[in-house]
Amino acid sequence: MKKLTGLFAGGCLLIGGLFCGVTGVASAQEMKGPPKVLVVAREFLKPGRAGSIHEKSESAFVRAMAEAKWPQHYFAADSMSGRSRALFFVGYDSFAAWEKDNQDTEKNATLSAALDRAALADGDLLSEYDSGVLVYREEMSLRPNVDIAQMRYFEISVFKVKAGHQKDWEDLVKMYKEGYEKAVPDAKWAVFESAYGADNGGVFVVFNPMKSLAEVDKGFADEKKFMESMGEDGMKKLSELSAKCLESEQSNLFHFNPKMSYPPEEWIKADPFWKPKVVAAAPAKATAAAAKAGQ
């Protein structure tokens, strides 16, 4: 996000409703909206380890989940700005549902072993790894229900609120939400608050899913409509609240990567973009021959 006035612009924010149906919480057709709990894993890649090299490594995770016919799904997105990294999103209806998924995975010895092997190999490509848990803030979101299966990009914005200024932040969001709801009929976003992880405590993440990067261009035009509707006094108030409550803000673009995702069947049926392209494991004989040749 280049300007504060683009805080909740359709092309200047983050993901509205993007997670509906993505993770087994709901189907894309049901359009229940974002999950209550969102687990996000971040893999920071070593130089030269992104692209097809990382996709091949991640295919082992996808293959393990598919072979187990695991009911919990996830999807991946690669960075287009900022540090080279991949994000993996898994949504749940509750923390209890997350716990059950973890327990079920631990009980499945075959799946657990396959995931451990995949993690060991994938770790060689990474410079850093972390994960966080976000909780959905419905009252701060605007028109969050979208068919994420039809989307291709995220604009993700992270806002750090100063200690003791939660109320100012809530007032700021309310003004943006009301302003965009009136001035930009198709504006949308979903807001999550960080509950656990390195970036928690006054950290809010805003998602805006996009079908095309042309929506970023539209976002700047929508920003002008918003500013005109707010008027000079309204924009002055927004500027004052922003200076008062925001410690930092950052926005980045990500593109969805179906090769590293384990999408629900509904997504695959709705759009061939999501059809898994799993890299087949090397034949045992070929693997043994290669190992011998390397000795």
Side-chain angles (χ1 to χ4, degrees), residues 1 13-19 22-25 33-46 54 58 61 72-103 105-106 115-116 118-119 122-123 125-141 144 148 154-166 169-170 173 189-209 245-254 256-257 260-262:
M1 179 175 58
L13 241 218
L14 252 226
I15 284 185
L18 85 187
F19 301 107
V22 180
T23 59
V25 176
K36 298 293 192 300
V37 177
L38 181 64
V39 179
V40 183
R42 299 191 300 181
E43 293 187 352
F44 295 87
L45 298 161
K46 295 177 181 178
H54 191 217
E58 287 296 331
F61 292 97
Q72 185 65 46
H73 298 271
Y74 66 87
F75 74 101
D78 288 322
S79 61
M80 298 176 66
S81 61
R83 296 174 61 187
S84 179
R85 62 206 184 281
L87 306 184
F88 298 85
F89 303 92
V90 192
Y92 298 92
D93 280 335
S94 64
F95 281 92
W98 180 28
E99 177 185 36
K100 184 179 185 304
D101 185 38
N102 289 333
Q103 292 174 340
T105 301
E106 292 172 357
L115 294 177
D116 287 344
D122 195 51
L125 307 179
L126 311 181
S127 61
E128 185 180 340
Y129 170 90
D130 67 18
S131 63
V133 184
L134 312 177
V135 292
Y136 179 47
R137 295 296 300 270
E138 182 178 8
E139 77 283 4
M140 295 184 180
S141 304
I148 195 63
F154 281 164
E155 186 182 57
I156 301 178
S157 297
V158 179
F159 299 90
K160 174 68 175 179
V161 177
K162 296 177 182 177
H165 288 273
Q166 177 81 12
W169 162 255
E170 292 174 354
V173 173
W189 63 75
V191 179
F192 286 80
E193 182 174 5
S194 179
Y196 297 98
D199 299 324
N200 66 352
V203 174
F204 293 83
V205 184
V206 187
F207 296 92
N208 179 32
C245 73
L246 290 180
E247 182 175 314
S248 65
E249 57 180 288
Q250 184 180 56
S251 293
N252 282 293
L253 289 171
F254 297 82
F256 295 179
N257 190 332
M260 301 197 303
S261 302
Y262 178 55

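Just so it is clear, the structure is predicted and the values come from calculations on it, not from any experiment. Reckoned from all heavy atoms, side chains included, excluding hydrogens, waters and symmetry mates.
- Side chain of W169 to main chain of K162: no donor-acceptor pair is present (N/O by atom type, distance under 3.5 Å, no hydrogens or angles).
- Counting heavy atoms from C-beta on, the side chains of L87 and F154 never come closer than 4.5 Å.
- Side-chain atoms of V133 and F95, non-hydrogen and from C-beta on, do get closer than 4.5 Å to each other.
- For Q166, the CD atom sits in a packed shell: over 12 heavy atoms of surrounding residues, nucleotides or ligands are nearer than 6.0 Å.
- For the residue pair A86 and D78, the shortest heavy atom distance occurs at CB-OD1, 3.5 Å.
- Partners of K46 according to the side-chain hydrogen bond (donor to acceptor under 3.5 Å, both in side chains) rule, which considers only residues two or more places apart in sequence or in another chain, do not exist here.
- The shortest distance between side-chain heavy atoms of Y92 and Q72 falls below 4.5 Å.
- Side-chain contact between F89 and S261: absent, with no pair of heavy atoms (C-beta onward) separated by less than 4.5 Å.
- The shortest distance between side-chain heavy atoms of D122 and E43 falls below 4.5 Å.
- Closest heavy-atom contact between R85 and F254: NH2-CZ, 3.3 Å.
- For the pair S127 (side chain) and F44 (backbone), a donor-acceptor distance under 3.5 Å is present.
- Side-chain contact between W98 and V90: absent, with no pair of heavy atoms (C-beta onward) separated by less than 4.5 Å.
- Between Y262 and Y74, the two ring planes are tilted [angle within 30° to 60°].
- Between Q250 and K160 there is no side-chain heavy-atom pair separated by less than 4.5 Å.
- By the 4.5 Å heavy-atom criterion applied to side chains, L38 and Y136 are not counted as neighbours.
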